[in-house]
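What follows is one structure encoded as structure tokens, with my remarks underneath.
All values below come from the heavy atoms of this structure, side chains included, with hydrogens, waters and symmetry mates left out. This structure is a prediction, so every number in the text was calculated from the model and none was measured.
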Amino acid sequence: MLRSRRLLLKLLPVLFTLAWTGGSASAANAAEIHLVAARGGQIENLTIDEAEQLYLGRKTTLSNGTPVKLVDLPAGTARDRLYLLLTGKNPIQTRAYWSRQVFTGRALPPREAESQQQARDWLATTPDAIGYLPADVTDSRLRILLRLP
């Protein structure tokens, strides 16, 4: 019950965005986002709560103690959707949040790739990295840890 309530609260901003735009989300906005890791790496699964904690800089390790390196896509639709779906923060809120984290010395943001292809290659070759990609960009070198609508 509590978990479904938390998921609903995270999805509310997305629903408001769709309602505001008249439900005319583009195909790029409708693409599923996959959180992924290298197929041959140690990271085998990820919960939505762990992903949120990692992408907010509140944790740097998984629940089993495995340290992870995060990969962020460049600013754009996929990145905006991930943060909105995962944390409920829009792009402005996300930038403000990370500015505060860095300024206070609490955390550093994920490493930013220059493109989806660069992120995919980093993720496929870095065993302790977690990142996200649109569903149509993932390949067989990657293990899907979590799917976001």
- Item | K69 atom NZ, over 12 foreign heavy atoms within 6.0 Å |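 Atom NZ in K69 is not packed in, count stays at 12 or less.
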
Please tabulate, one pair per line, all N/O donor-acceptor pairs under 3.5 Å involving side-chain atoms of residues 36-46, not counting sequence neighbours.
residue: R39; atom: NE; partner: S140; partner atom: O; Å: 2.8
residue: R39; atom: NH2; partner: L142; partner atom: O; Å: 2.9

Straight-line distance of [X] [atom1] to [Y] [atom2], nearest 0.5 Å:
X	Y	atom1	atom2	answer
L70	K59	CG	NZ	11.5 Å
I144	L35	CD1	CG	10.5 Å
L85	L146	CG	CG	10.5 Å
R143	T138	CZ	OG1	13.5 Å
E50	L145	CD	CG	9.5 Å
R58	Q101	CZ	CD	7.5 Å

Min side-chain heavy-atom separation [X]-[Y] under 4.5 Å:
X	Y	result
P110	Y55	yes
T94	L84	no
R141	L123	no
L86	I48	yes

- Among residues two or more places apart or on two chains, list those pairs meeting ring-ring contact (aromatic ring centres under 6.0 Å, His included) that have a residue in residues 89-109.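 ring-ring contact (aromatic ring centres under 6.0 Å, His included) check on residues 89-109 returns no pairs.
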
Minimum heavy-atom distance [X]-[Y], with the two atoms named:
X	Y	result
A113	P74	O-CD, 3.3 Å
A78	L73	CB-CD1, 3.7 Å
T61	P67	CG2-CA, 3.7 Å

- Can you sort out the partners of D136 under side-chain contact (heavy atoms from CB on, under 4.5 Å), two or more places apart, ordered by chain and number?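 Expected list: P134.
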
- Query: For T60, which residues count as a side-chain contact (heavy atoms from CB on, under 4.5 Å) partner, sequence neighbours excluded?
  - Reply: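 Checked T60 against side-chain contact (heavy atoms from CB on, under 4.5 Å); zero matches.
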
- Are side-chain N/O atoms of D49 and T47 paired as donor and acceptor at under 3.5 Å?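 Per modelled atom types, D49 and T47 side chains form no pair under 3.5 Å.
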
- Message: Test your reading of the model: is there a side-chain donor-acceptor pair from R81 to the backbone of A31, 3.5 Å cut-off?
- Response: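 Checked: pair present.
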
- Task: Determine which pairs satisfy salt bridge (Lys or Arg N to Asp or Glu O under 4.0 Å) with at least one residue from residues 102-120, sequence neighbours left out, and list them in order.
- Result: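 Qualifying pairs, neighbours excluded: R79-E112, R120-D139.
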
- Message: Give me each pair satisfying side-chain hydrogen bond (donor to acceptor under 3.5 Å, both in side chains) with a member in residues 122-134, each pair once, sequence neighbours excluded.
- Response: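 Every side-chain hydrogen bond (donor to acceptor under 3.5 Å, both in side chains) pair that includes a residue of residues 122-134, provided the two are not neighbours, is D72-Y132.
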
